[in-house]
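In what follows, a structure is listed as C-alpha cells, so that the remarks can point back to it.
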Amino acid sequence: MKYILLLALAMIASGAQAAPYPLGTMTCDDIGAFASEAMTWRKSDISHEEALVKLDEREFGDPVEKKNLTIILNFVYGNYGNNWTVESAGNVMRSDCRKGRDE
C-alpha cells in the first residue's frame with residue numbers, strides 16, 4: 001500500500017498537480033475527504049456517469065467547488081484511480097491541495 005501511495009504521489013507531482021487552486025469555502029481536508037468518497041463510489045461499481053449525478057445533487061458554497069470536485073472525480077475514475085485505494089485517493093488529493101498553502 002505504501003508503494004501505491006508513493007506511486008500516486010509521484011504521478012501527481014509529475015504533472016497532474018492542481019495546487020494551489022481556489023477552494024471556495026472548502027478546505028484541503030474537504031478535498032481529500034471527497035476524493036476518498038469518490039473512490040468509495042468507484043470501488044462500489046458506481047459508474048462515472050452516476051458519480052457525476054451524485055456530484056450534481058450537492059450544494060456548493062462557491063462555483064469553483066463543483067469545478068474542483070469534478071476534476072477530482074475525473075482523476076478517481078481515470079487512470080490515476082486505477083492505482084489508488086480509498087485512503088490513498090484522499091491522501092494524494094489532500095497533499096496536492098496543500099502544496100503552496102499554509103494550511
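Note: hydrogens, waters and symmetry copies are ignored here, and every other heavy atom, side chains too, is used.
Here the shortest heavy-atom pairing between Pro22 and Asn68 reads O-ND2, 2.7 Å. Nearest approach of Ala89 to Ala35, heavy atoms of both residues: O-CB, 3.5 Å.
Residues that satisfy the side-chain hydrogen bond (donor to acceptor under 3.5 Å, both in side chains) test with Asp62, not counting sequence neighbours, are absent from this structure. By the side-chain hydrogen bond (donor to acceptor under 3.5 Å, both in side chains) test, Ser47 pairs with Glu50, sequence neighbours left out. With sequence neighbours left out, the side-chain hydrogen bond (donor to acceptor under 3.5 Å, both in side chains) criterion links Arg42 to Asn82. Scored by the side chain to side chain contact (heavy atoms under 4.5 Å, CB included) test, Asp56 finds Lys66 as partners (sequence neighbours excluded). Residues satisfying the side chain to side chain contact (heavy atoms under 4.5 Å, CB included) criterion with Ala38, sequence neighbours excluded, are Phe34, Trp41, Leu73, Val76. Residues that satisfy the side chain to side chain contact (heavy atoms under 4.5 Å, CB included) test with Lys43, not counting sequence neighbours, are Met39, Val86. For Thr25, the side-chain hydrogen bond (donor to acceptor under 3.5 Å, both in side chains) partners two or more places apart in sequence, or in a different chain, are Glu65.
Under the ring-ring contact (aromatic ring centres under 6.0 Å, His included) criterion, no residue pair touches residues 50-70, with sequence neighbours excluded.
The line from OG1 of Thr85 to CG of Asn91 is 7.5 Å long, rounded to the nearest 0.5 Å. Taking NZ from Lys54 and CG from Leu69, the interatomic distance works out to 14.0 Å, rounded to the nearest 0.5 Å.
Remark: side-chain polar atoms of Ser88 are not paired, donor with acceptor, to backbone N or O of Trp84 under 3.5 angstrom. A donor-acceptor pair under 3.5 Å is formed between the side chain of Thr27 and the backbone N or O of Asp29. Under a 3.5 Å cut-off, the side chain of Asn74 and the backbone N or O of Thr70 do form a donor-acceptor pair.
Placement of Ile31 and Leu52 within a single hydrophobic cluster is found when ILVMFWY residues are connected by side-chain heavy-atom separations under 4.5 Å, directly or transitively.
In this structure, Ile46 and Tyr77 have side chains that are in contact, with non-hydrogen atoms separated by less than 4.5 Å.
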